[in-house]
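Beneath this line is the structure, given in structure tokens, with notes to follow.
Chain letters run A, B, ... following the sequence lines, proteins first, then strands; residues in each count from 1.
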Amino acid sequence: MDTILRMREVRYTYNGRPILDIGELDIARASITGLAGPNGSGKTTLLKLLSGVEKPASGSVSFMAANTTRSSENTVRQRLCLLPQEPFLLRRRVYDNIAYGLRIRGGRGDLAGYIHEALELVGLDSSFAGRRWNELSGGEAQRVCLAARLVLRPDCLMLDEPTASVDMESARCIRRAVLLARREWGTTLIIASHHRSWLNDICDRIIYLYNGRILACSFDNILTGPWETVDRSTVGCRLSDGQMVYACKPVHTAGSAIVSFSDLDASGPVQERNIKSLQGMINSITLDNKQDVPQAVVSCGDQRFMIKMNGDAQGAKQFWPGQTVTLHYSPEEITWLEK
Amino acid sequence: MDTILRMREVRYTYNGRPILDIGELDIARASITGLAGPNGSGKTTLLKLLSGVEKPASGSVSFMAANTTRSSENTVRQRLCLLPQEPFLLRRRVYDNIAYGLRIRGGRGDLAGYIHEALELVGLDSSFAGRRWNELSGGEAQRVCLAARLVLRPDCLMLDEPTASVDMESARCIRRAVLLARREWGTTLIIASHHRSWLNDICDRIIYLYNGRILACSFDNILTGPWETVDRSTVGCRLSDGQMVYACKPVHTAGSAIVSFSDLDASGPVQERNIKSLQGMINSITLDNKQDVPQAVVSCGDQRFMIKMNGDAQGAKQFWPGQTVTLHYSPEEITWLEK
Amino acid sequence: MDFIVAGIVKAFQLLLQGDRETYSAVLATVQVSSLSMSVSLLIGIPLGYCLGYADFPGRRSIRTVVDTMLSLPTVFIGLLVYAFISNRGPLGEYGLLFTLSGIAVGQAILALPIVIALTATAVESLDRPLRLTLLSLGASGRQVFLTSIWEARLGLLVAAVTATGRVLTEVGISMMVGGNIKWHTRTITTAIALETNKGQFATGIALGLVLLAIAFAVNLSLSFLRRRA
Amino acid sequence: MDFIVAGIVKAFQLLLQGDRETYSAVLATVQVSSLSMSVSLLIGIPLGYCLGYADFPGRRSIRTVVDTMLSLPTVFIGLLVYAFISNRGPLGEYGLLFTLSGIAVGQAILALPIVIALTATAVESLDRPLRLTLLSLGASGRQVFLTSIWEARLGLLVAAVTATGRVLTEVGISMMVGGNIKWHTRTITTAIALETNKGQFATGIALGLVLLAIAFAVNLSLSFLRRRA
Amino acid sequence: SQPGYGADQQLLLATTTSTDNTGLLDYLVPQFTEKTGIQVKWVATGTGKALKLGENCDADVLMVHAPEAEKTYVEAGFGVNRRQIMYNDFVFIGPESDPAKIKGRDVCASLKAIMEKKAVFASRGDNSGTNKKEISLWTTCTETVPEKQPWYLQTGQGMLATINMAAERGGYTMTDRGTFIKYEANHNGSPPLRIVVEGDDSLMNQYSVIEVNPARCPKVQNESARSFGDWLVSAEGQKAIGSFRLLDKQLFTPNAGN
Ligand SMILES: Nc1ncnc2c1ncn2[C@@H]1O[C@H](COP(=O)(O)OP(=O)(O)OP(=O)(O)O)[C@@H](O)[C@H]1O
Ligand SMILES: Nc1ncnc2c1ncn2[C@@H]1O[C@H](COP(=O)(O)OP(=O)(O)OP(=O)(O)O)[C@@H](O)[C@H]1O
Ligand SMILES: [Mg+2]
Ligand SMILES: [Mg+2]
């Protein structure tokens, strides 16, 4: 693998509270990596460390083998670029905001061509170039911030929730821009987002963060408890519709667990040792643009579970939204998350 | 209808540029109203006007027959509450941020009970109360801001993109909080969001804004052009897969149009006068929690169209994601949007 | 150079041995500057807030006028105040001439533009969404004012500190309006001017250090406000 | 009271009839304050930026010291500078005593704490995400400095205006270091002090107005900077 | 004179405010410059500070009026060649109502009356020549200085400011005649305070010129300083002093060589 960013044994703390603890992370050149995880899981912190804006308490972050946090390596920092979570514009016109990064890289003279192109990439027409920073709606500001990064054509672009307050049309626009950046300029992208389907759609790989650690698996089906003791070896979490999800008692009394369902079943519960089941209703069935595997969202009371359906698109034929189905899982295969 | 907020002939401009033009808008007491529309369509501006934070250039906004913008009516303003789009915390601890609104309403002494309850409503545990404003992640800050509004139990609560940078679990949490507020306290809610499925799920009614005007219909299927002239009476918009969407030539050369599809068809194109068709692939089929009508998202090249399927959930049985289908529309029924 | 060393030694003597003249001047200085600072903060902060927050026509012109007022020479202010409170002036009957209150009036005029200009800037540079947030929480005009002032407290602190520095060190007004009367209206700065004129440079230095000690005490107590910020 | 009216009339006479003594004092004032302001801005802005931006141990103590320096009495500074540049002082050989450059040195010391303290506050109250945004765009330390200064320009403007007001109106340093020598080191403020001492109150008022006119001209040109902000 | 300073033939004179405020120097200096080609700059300040400037080698020549202090100064080696050049006189002034009833009485009787009646008396209290004179009068006449008496105002300011303060308080003060003439003129001839006591021998105000000691201060321009002093005591200089008029009144009486 041609690694462009490498992180080793990185620890980060705020006022002594550990926030991030990453053993090993490599980002391949020209890949698109997604970063998913609940609020406060450390996505923003991880992006700040990767882009060299913050320094880790311990461990190393290197960009093409050069250390990103040494400020003398300013040229390295200029090849990395971060879109912060909070869109922020300098008190200037949109034009000058987008031109800023070009100018500090020595760009002189008429930059209008680049700037209009960047605006177009994020779906704003060029009349926006003349607006002042405070004459924009929330989503427009967000997109201008993104345009200010795209225009720099960095080697590696990190986006922190680029679609947070952006309309659906623009989210598609941004998707196109991201793919174009990778295709045309060989840009490596790392994107944090809560917009899971959008993320799934464009990423080669998704990294799941939880409490500052990288999880080995996806965690769509997280149960945060509370857990009650069922018997000596089993605990259970009661869903709002009265059903119970069982799990093997964890070593330490942790809060959350990931359930993985083996399959969706249109027939009733099975009677097999070590296999439990839940009843639910299919909410939606979606096919990713890329992946051929359809996914179903099944709701059991308030809780929603996501299940990859076995087989290809044709396999989805027998299911429809509104249908009542059974989900199977093994209490032993539940993964407990460290607090 | 028991109207709690009434808007009449409201116009709003920024530096002479017209932003909002609302003829008539009534919000019923204890209703949940959604506000949808692309970036820059005026959602935030509308919420600011409704909450009395901004004054309209002309027209009237009244809250239970009292004018919201007269600042002497401070008690009226205190019964309305807005969550701004940009989450912003005072430079204090989370506790004091949430307590602020209570205190200016005369709340004294120990408010901890209320504050922990509000934090719980947005899914944050009470240890957050002691954190300082700058010790939060983006989504946590957003939720603290929401908690600071919920704790006030206003008569009318306006939320501007409450789920923008919030994780899925918390989005559900906020949904529960919103429904609880309406149920327990009789709160009227108006919520602007780009999170369409989330919005559909909780709102009694959705208002569609486009270019500062309220649209009569939903606008999922907007085509922004460019339009080429096909013949004297018809124009067409070419999709990225080469198909063309036809429309009757508009009176003025406007930019965008809404296409409404009559139905989804598993068989091929029909040969009927005035009915055109498009080929596409079903991306997903979703059933709203509330509505029994399943919706399909069909992609034709880059463009995605949303179609309400005829019939109930059972009607969806014949479709599955990945399936190629035909969409029917009438070029005459295309709605042109004023620029 | 030697008078600097002599001055430092003398400063300790004055303070530690409790020189009566010095203490009288210290008292006068503290009294008069507390009075003038209270007045100018009380008037200046609300005016500065309006200038920084509200958007009304002519705002920038007023700003320019206030900025110009920063260059009011103290002797000039002294003359103006003197003209009004002299026995032959319109306010002569109140007997303010050669009193600490008279000085305080002049010093308040001196401090006011500083407080207004710096408050306006502090309020202007408050975080952008603050006002919207406060209004959205239902704050009244007064509450928006109070909270904004509190959020801008670092800037206001600097305004107060700068104005205090100006007031503590001015000579012209105290001389002209107060008359530098020993035991009565002699402040530290007029004492310094006098001693310097007498050629007692070391005493001048010593008194200057005494004034700095006062300023240091004030700023040290204010720095706790800063810590809590 | 009447001398105020007389002073206003006289101010116009002085300015319009081109009184040579007045113009000499105006020139001296402008020269010396430009010099001292350039020096103090050049040194003070970077120092203030460090104090406002960087987070190092002892930062708050330094802040308190700077705030205390705001209360340096001008005569005191005058005495200190005099001690150094007097013929018997360590820098005596440079012949700075009774020259405009000598005054400028003292005035720069006077202005420096103001520039530092107000710059630090202006930088501190910059919008919170500015630094992150600049770094995320690949700005170097120097570029972050320059852009932050530019974004804080309103605050810096006020710092400059306040310091200019202080420098324009000070008497103690100009008197002590400059000697108030006619045609040479007589500035407007020392001339005001002299005239007032002579009992020429009207001339004092007139010269005060002349000084205000200069300040107004300066602030008017600066207010264009504000407009562009 | 000093090499390197040669081009800049500027003599620095430290003097008391009275010689400057009355305009005497503006009258004398051009005549001296015309005669000798030596440019003169002067710093007008309190006598104490003027002496101090000399002590620190920052002036070349001094023109002051505090005979006792001057003598000790020369004895200490700070100055050389002290020469008397002229005198004017002090007067007591007070309000027309004359609360202590001292008009026309002699100095000692007046001071005693003021003290008895506790009439307001403004003292400069700034160690200036005038102040020193006044204190010496109090000590010779009443054996104490009324320090800390509520009616005894120590202004710590210049002569005119002190006169103004006396006027505001309706009290007496002692001033040199020159300043009083200016004060009179400022009030168009009808000032709130009038002369009450004058002409006493003890009210003489002697001015001298002292050269800063070149042995202590190698950089001073002693040659020019000497010529300045020489010129002042010369017949020409003395005539010039005698012919100086302030508002048509002679102010200074030349008395070099006495
Ligand atoms: N300045 C700070 N001081 C202390 N703690 C902080 C600070 N900033 C963030 N944190 C904490 O660090 C953790 C990780 O924060 P981070 O912003 O990286 O989360 P995130 O994954 O980006 O969350 P979100 O989805 O809400 O943006 C959170 O628990 C947060 O509370
Ligand atoms: N301060 C301002 N000055 C000038 N124009 C503004 C200002 N604020 C907003 N606008 C413009 O007003 C229009 C409506 O803005 P508004 O913020 O209401 O949109 P919105 O629907 O909330 O968009 P978003 O989904 O991006 O938040 C936009 O075209 C925007 O560019
Ligand atoms: Mg984040
Ligand atoms: Mg908005």
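The residue among Gly123(A), Gly139(A), Ala296(A), Ser193(A) with the most heavy atom pairs within less than 4.5 Å of chain B is Gly139(A). Note on Gln303(A), Arg172(A), Glu169(A): by heavy-atom pairs under 4.5 Å with chain B, the leading option is Arg172(A). The residue among Arg17(A), Arg176(A), Gln85(A) with the most heavy atom pairs within less than 4.5 Å of chain B is Arg17(A). Options Ala164(B), Ala141(B), Ser165(B) differ in how many heavy-atom pairs under 4.5 Å they form with chain A, and the most are formed by Ser165(B).
Residues forming a side chain to side chain contact (heavy atoms under 4.5 Å, CB included) with Asn39(A) (at least two apart in sequence, or on another chain): His194(A), Ser137(B), Glu140(B), Arg143(B), Val166(B), Asp167(B), Ser170(B). With sequence neighbours left out, the side chain to side chain donor-acceptor pair (under 3.5 Å) criterion links Asn15(A) to Glu135(B).
At least one donor-acceptor pair under 3.5 Å links the side chain of Lys43(A) to the backbone N or O of Pro38(A).
The shortest side-chain heavy-atom distance between Phe319(A) and Val298(A) does not fall under the 4.5 Å cut-off.
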